[in-house]
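Chain identifiers are assigned alphabetically (A, B, ...) following the order of the sequence lines, protein sequences preceding nucleic acid strands; residue numbering begins at 1 within each chain. None of the values given here were measured: they were computed from a predicted structure.
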Amino acid sequence: MEGKISVTVAGRPVQVAHGASAGQLLKGFGNGRLVAARVNGKPVDLSCPVGEGATVEPVLADSPEGLEILRHSTAHLMAQAVQQLFPGVQVTIGPAIEEGFYYDFAAPRPFALDDLPRIEARMRELAGLDLKIERLEMSREEAVARFAALGERYKVEILSQLQEPRVSVYRQGDWMDLCRGPHVPSTGHLQAFKLLSVAGAYWRGDERNPMLSRIYGTSFASERELAEHLRLLELARQRDHRKLGRELELFFFDPVSPGSAFFLPRGTVIYRELESYIRRLYRRYGFAEVITPELFRNELWQRSGHWEMFRENMFLTSDGERGAGAPDYGLKPMNCPGHALIYRLEKRSYRDLPLRLADFGRLHRAERAGVLHGLTRVRAMAQDDAHIFCLEGQVGAEIDRNLQMVKEVYQALGFGPPKARLATMPDKHLGSEELWRQSEAVLAQALERNGFGYVVNRGEGAFYGPKIELYVPDALGRNWQLATIQLDYNLPQRFDLSYIDASGLPARPVMIHRAILGSIERFIGVLLEHTGGVLPFWLAPEQVRVLSLSEKVEPYAAEVAELLERRGARVARDLRNEKLGLKVRQAELAKVPYIVVVGEREAAQRGVSLRRLRGAKQESLSLEQLAALIGQEAPPG
RNA sequence: GCCGAUGUAGCUCAACGGUAGAGCAACUGACUUGUAAUCAGUAGGUUGCCGGUUCAAGUCCGGCCAUCGGCUCCA
């Protein structure tokens, strides 16, 4: 059996010649979609030789793994095109990302949107040449020499930080890039791609480093999938909550208060309905609502640790009389210190705990100008915030209770099941590492107990404790972080909170911070994008619009509207002297759930013609039937 | 904060450095209407703000403000 080895190819044992490549073994797989191989579970190039006893699996372009390789290769193709078109541009890194890829360049002049068509055209030429993509292995020193000769300073820097003695370089045509790989076998595999946007990005994401020029793009296994993706992007644009906010007259922003929304009457209805819903749940889940100050002397922030850890995100101020002096007050960015003061008001017994304090107080955070984004990233907001003070031994049950509430709320609001992340100790933190690890474990166990799959988000916790972050998927498949549950051993210590335990001795309570909707502002933004503005009846600013057909039926239309208003519905009347088609169109565009039409026919029968939003057909109902229908639309909770 | 782009009527958008326009909305009038746009007319602007270049600036240049796309899902 000289020169033969035994391997397993796609689950089948075979004998092949020594030195055969993965690509040779997988010939015929995937119908041209074969882009790479998995050998012994590791993704490799098709050119990779296979050893004795190996398991070889195909990686196809439309699999998640294949797509990642495809995109990474497309990033290389783009870099090649860029360097051909723009001499003097250095390459840095260019990974595949969730929905595509990017490549960061050190360019004498940052790229503009206008550059993209040219780059894309060159990419198509290079793809058309079907250049072979070859992997070369070499010593780190040799690679450093090569990239230094090319003037690629960033690559040299990357190489100097690598541990491996040998590194890989990929070559396509006369262009090469330091890269771990794997890659598709040739540029001809890259067909369905598009460059999307340009952006500035710091080298290694650190603002102390030079600003690079980033180009974003995406690629897919087929033109059809690319077109579908672009369609989704367009859909997302249509559903942009900022656009809907304007069209549906919900809210607006004015430059005189960047990052702070003005909620118009219609938007305010949504805002207050959401609050009311959470309030109803608070009764059931045992929370007590409080109202606390917005402005506190700095000494409070010094005690809570915000002064040290959060001051750069706070609005600091002073009273008008002495305005010129140093600011001695801070607008609250969080409710927790205020709640600690409420806790401290009385001597607490273990019998009083858990104490659950809820607060819809307005919070202000000095977010950097560049990160503001509609309602989803604001400087002024309210949260459905609560703090739970409890015994160490009650923490598990309290977290269970809140995870339960999370499930209930997101189901009631029409979202899919949330996914969890456990955010652990950040660099900037208060408290000992031991305490941190202990609280992280408590949260992890609660997640498991409640059937939440989770991933660990290292170093992303709050400065005072680890967090559970809950991500909710919307209708377009995007995930939003909304709910959060955070454990805090630090504030109780800083405020010297205590209770008297069963044996009469003082003990330290644990504090849990939590919000279900997160900020109401952000939640409304997400809800609008999730629903496209078509809200459930109970949240609709205008629930019923009564349309009259002519002047003659105005009194009857008014009667119908009043009837529904007495039943508690939010009703608008459209008695204008306009054609019915126009009124219906406008009611549809305003996304009113129930469109009630009355003409002489309905007036004679004392009934209505009901058209539901987005439903083309009409129903004839009596007034009683209509009232009963409205009565059934009860809000959740 | 940093990089890039954008800012024209309430909204969506036009306007080779040479008199700022259209559609929708608003207002007035006619039409009395049957399930996604009836017709006609009227009015609406210090082109984000400040400065500069020019005989002439919405347009070119600079500063500021705001908005939009981004700012480590690592070679």
Same-atom distance ([atom1]) from [N] to [M], integer angstrom:
| N | M | atom1 | result |
| --- | --- | --- | --- |
| B:A66 | B:G41 | C1' | 38 Å |
| B:A37 | B:A20 | C1' | 28 Å |
| B:C71 | B:A57 | C1' | 35 Å |
| B:U46 | B:U54 | P | 28 Å |

Examine [N]: is either OP1 or OP2 under 4.0 Å from a nitrogen or oxygen in the side chain of [X]? Give yes or no.
| X | N | answer |
| --- | --- | --- |
| A:Arg611 | B:A36 | yes |
| A:Arg214 | B:G4 | no |
| A:Tyr103 | B:G70 | no |

At 4.0 Å (heavy atoms only), tell me whether [X] reaches a base, stays on the sugar-phosphate, or touches nothing.
| X | answer |
| --- | --- |
| A:Ser213 | nothing |
| A:Ala199 | base |
| A:Lys617 | nothing |
| A:Arg601 | base |
| A:Leu589 | base |
| A:Glu602 | base |
| A:Tyr216 | sugar-phosphate |
| A:Gly370 | base |
| A:Gly374 | sugar-phosphate |

Looking at [options], which one has an atom nearest to any side-chain atom of [X]?
| X | options | answer |
| --- | --- | --- |
| A:Lys579 | B:U32, B:A66, B:U38 | B:U38 |
| A:Arg242 | B:C73, B:G4, B:C68 | B:C68 |
| A:Arg368 | B:U32, B:U35, B:G1 | B:G1 |
| A:Ser609 | B:A36, B:U35, B:U72 | B:U35 |
| A:Arg246 | B:G34, B:C11, B:C3 | B:C11 |
| A:Pro255 | B:A66, B:A36, B:C71 | B:A66 |

Can you tell me the distance, in whole Å, between the [atom1] atom of [X] and the [atom2] atom of [N]?
| X | N | atom1 | atom2 | result |
| --- | --- | --- | --- | --- |
| A:Leu212 | B:G70 | CG | P | 18 Å |
| A:Arg585 | B:C24 | CZ | C1' | 9 Å |
| A:Glu249 | B:A25 | CD | C1' | 11 Å |
| A:Glu578 | B:A37 | CD | P | 13 Å |
| A:Asp104 | B:C3 | CG | P | 16 Å |
| A:His373 | B:C71 | NE2 | P | 12 Å |
| A:Gln605 | B:G34 | CD | P | 18 Å |
| A:Asp115 | B:G4 | CG | P | 12 Å |

Looking at A:Arg266 and A:Glu542, is any side-chain nitrogen of the basic one under 4.0 Å from a carboxylate oxygen of the acidic one?
yes
Do A:Met78 and A:Tyr102 have side chains that get closer than 4.5 Å, going by heavy atoms?
no
Can you spot which of A:Arg135, A:Arg171, A:Arg146, A:Lys155 makes a salt bridge (Lys or Arg N to Asp or Glu O under 4.0 Å) with A:Asp177?
A:Lys155
A:Leu582 or A:Leu549, whichever maps to the more 5' nucleotide of RNA chain B:
A:Leu549
Using purine N1 to pyrimidine N3 plus N6-O4 or O6-N4 for Watson-Crick, or N1-O2 and O6-N3 for G-U wobble, each under 3.5 Å, what pairs with B:A43?
none
